Amino acid sequence: MSGRETILIVDDMEINRAVLCETFKDSCRIMEAENGKQALEYVLNPANRISAVLLDIVMPVMDGFEFLEMLHKSGLAGEIPVFLITADTSDASMRRGYNLGVMDIIEKPIVPYFVKKRVESVMELFRARRKLNRKVQVQSDQIRQQEREILELNQAIIETLSTAIEFRSGESGSHVKRIRRLTGLFLEELKRTGKSDYQFTDEQIEEISLAAIMHDVGKISISDAILNKPGKLTSEEFEIMKTHTVKGSEILELIPQYKEKDLYHYAYEICRYHHERWDGKGYPDHLKGDEIPIWAQVVSIADVVDALTNKRVYKPAIPFDEAAAMIRDGQCGCFNPDLLEALDNCSDKIRSGNY
């Protein structure tokens, strides 16, 4: 056995401790305790780095079984091998000991050679397990770091492509960033209502917000003449413009390897349904009410807020309060009442840009 690990010998009889100390003195550092209470103090002190406990049962102050129960409560029972060194090898005592997690029960009087071999073999197993656990932890940390790097790369690619599409329609890259932040803001506000349909996890909010920036990916199929027309679109042009919702979802269907991902699911439904309206008068599928996925509804109102309050090729920016009034009055279509309430609750943050 390499190194000098620490063994804690717990027995109220000095002669018994002396025999065990003599057995392990050449291979281990030895600590001694006269009862379970003293032993527990030693074990709970991380500086002692106890590698094994040799434990008597019958002791004053705190007996061996009480020590084992307290060790369980501390969460260390599976971390340190415990051996009962006892003259009481009745079925009841053995069963209780094993139920409390002892590795082995050694009957007194002990045979030093056999005790040493039994204890050291288990300590070797625990040492190997700790080494393996450390290796697994390092590998897990590396995998998590790689996952974070891949996620960050994917997010950067998604944001870059979405921004490139916005540039075609005269928008700046800040538009997709605002949509992402507004989406997260509205999702958090809906969550605060406590309604069961809105209990998004932090991970869901992050993924939906990321998916939101792809809402207009279908505009890549729309001609510049329509996309950048400074005046009002003709009815024919508007019908062409409306196809960007379907085109966007069709583009996403071309990457089947991601279809099992939640991000794909959110992005697909946001692309297709972010122009649907609560009263069924939106497009392309004329969904109404809760038929529209809530993430598409959120991106819809976020997109309208941003479109109204920022300059576009066909219109100047208008103040937030005027935009909010237009949305509430139904001038921009019909929205979920919960989202209109969320808009009111978030007004200060949106108005100040602090979101």
Side-chain angles (χ1 to χ4, degrees), residues 1-140:
M1 200 170 61
S2 61
R4 290 180 66 83
E5 296 183 285
T6 301
I7 288 181
L8 174 61
I9 298 171
V10 190
D11 197 309
D12 61 322
M13 300 292 291
E14 185 177 358
I15 184 62
N16 292 336
R17 297 199 306 273
V19 171
L20 289 170
C21 285
E22 183 66 23
T23 301
F24 290 98
K25 69 178 183 180
D26 294 331
S27 58
C28 296
R29 173 174 170 257
I30 306 296
M31 294 186 72
E32 299 180 51
E34 297 180 354
N35 56 66
K37 184 176 183 296
Q38 186 181 16
L40 190 64
E41 292 173 356
Y42 289 157
V43 169
L44 294 180
N45 184 347
N48 291 324
R49 301 174 64 87
I50 306 297
S51 298
V53 177
L54 309 185
L55 180 69
D56 188 24
I57 293 178
V58 181
M59 294 179 290
V61 185
M62 178 186 288
D63 67 26
F65 289 133
E66 290 174 319
F67 167 84
L68 288 170
E69 289 170 353
M70 295 302 294
L71 195 65
H72 261 277
K73 290 179 181 178
S74 73
L76 294 174
E79 303 298 320
I80 303 172
V82 178
F83 301 83
L84 283 185
I85 311 292
T86 179
D88 181 6
T89 55
S90 65
D91 287 347
S93 292
M94 292 179 69
R95 187 179 299 110
R96 187 178 180 189
Y98 284 125
N99 286 340
L100 287 171
V102 300
M103 292 300 301
D104 200 355
I105 298 176
I106 299 172
E107 187 176 4
K108 292 179 179 178
I110 66 167
V111 179
Y113 175 82
F114 292 114
V115 170
K116 190 171 189 292
K117 289 298 181 183
R118 287 163 73 174
V119 171
E120 288 185 349
S121 64
V122 171
M123 288 174 65
E124 180 68 32
L125 286 174
F126 269 70
R127 185 164 58 250
R129 188 179 75 176
R130 287 194 297 270
K131 184 177 179 181
L132 179 60
N133 286 342
R134 285 194 296 270
K135 186 174 182 179
V136 169
Q137 184 61 50
V138 169
Q139 291 176 338
S140 296

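Throughout, numbering of the chain's residues begins at 1 and tracks the sequence. Just so it is clear, the model here is predicted, and its values are computed rather than measured.
Put simply, the side chain of N48 never gets that close to the backbone of I50: no donor and acceptor are under 3.5 Å apart. Although no hydrogens or angles enter the test, the distance criterion places a donor-acceptor pair under 3.5 Å between the side chain of R4 and the main chain of C28.
Atoms CD1 and CD1, on I9 and I85 in that order, are 9.0 Å from each other to the nearest 0.5 Å. One finds the CG atom of D11 at 7.5 Å from the CG atom of L20 (value rounded to the nearest 0.5 Å). Separating the CE atom in M31 from the CZ atom in R17 is a distance of 12.5 Å, to the nearest 0.5 Å. Rounding to the nearest 0.5 Å gives a distance of 9.0 Å between CD1 of I106 and CG of L84. With rounding to the nearest 0.5 Å, the separation of CZ in F67 from CD1 in I57 is 13.0 Å. To the nearest 0.5 angstrom, M70 atom CE is 12.5 Å from L100 atom CG.
Here the shortest heavy-atom pairing between C21 and I30 reads SG-CG2, 3.5 Å. Nearest approach of M94 to T89, heavy atoms of both residues: SD-O, 3.3 Å. The two residues G64 and L55 come nearest to each other via the heavy atoms O-CD2, 3.5 Å. In this structure, S51 and M123 approach most closely via the heavy-atom pair CB-CE, 3.9 Å. Of all heavy-atom pairs between S93 and F65, the closest is O-CZ, 3.7 Å. Taking both residues in full, the closest heavy atoms of V10 and M59 are given as CG1-SD, 3.7 Å, listed atom of the first, atom of the second, then distance.
Counted within 6.0 Å of OH on Y98, heavy atoms from surrounding residues, nucleotides or ligands total more than 12; the atom is thus considered enclosed. Summarising the local packing, NZ of K108 is surrounded by more than 12 heavy atoms from other residues, nucleotides or ligands at distances under 6.0 Å. Crowding of E14 atom CD: a count of heavy atoms from other residues, nucleotides or ligands under 6.0 Å not exceeding 12. Few gaps surround CG on L132; more than 12 heavy atoms of other groups in view lie less than 6.0 Å from it.
V115 has its side chain out of reach of F83: every pair of non-hydrogen atoms, C-beta onward, lies at least 4.5 Å apart.
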Full working for side-chain contact (heavy atoms from CB on, under 4.5 Å) between V122 and D104: CA-CA 9 Å; V122 171; D104 200 355; 5.8 Å; no
Evaluate R130 against R134 for side-chain contact (heavy atoms from CB on, under 4.5 Å), listing each step before the verdict. CA-CA 6 Å; R130 287 194 297 270; R134 285 194 296 270; 3.8 Å; yes
Assess the residue pair D88 and V58 against the criterion (side-chain contact (heavy atoms from CB on, under 4.5 Å)); give the C-alpha distance rounded to whole Å, side-chain angles, the decisive distance to 0.1 Å, and a yes or no. CA-CA 9 Å; D88 181 6; V58 181; 5.8 Å; no
Under the criterion side-chain contact (heavy atoms from CB on, under 4.5 Å), I'd like the reasoning laid out for S74 against L44: C-alpha separation, chi angles, the key distance, then a yes or no. CA-CA 8 Å; S74 73; L44 294 180; 3.7 Å; yes
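With salt bridges taken as basic N to acidic carboxylate O contacts below 4.0 Å, none links E69 and K73. Using a cut-off of 4.0 Å between Lys/Arg side-chain N and Asp/Glu carboxylate O, E22 and K116 are scored as not salt-bridged.
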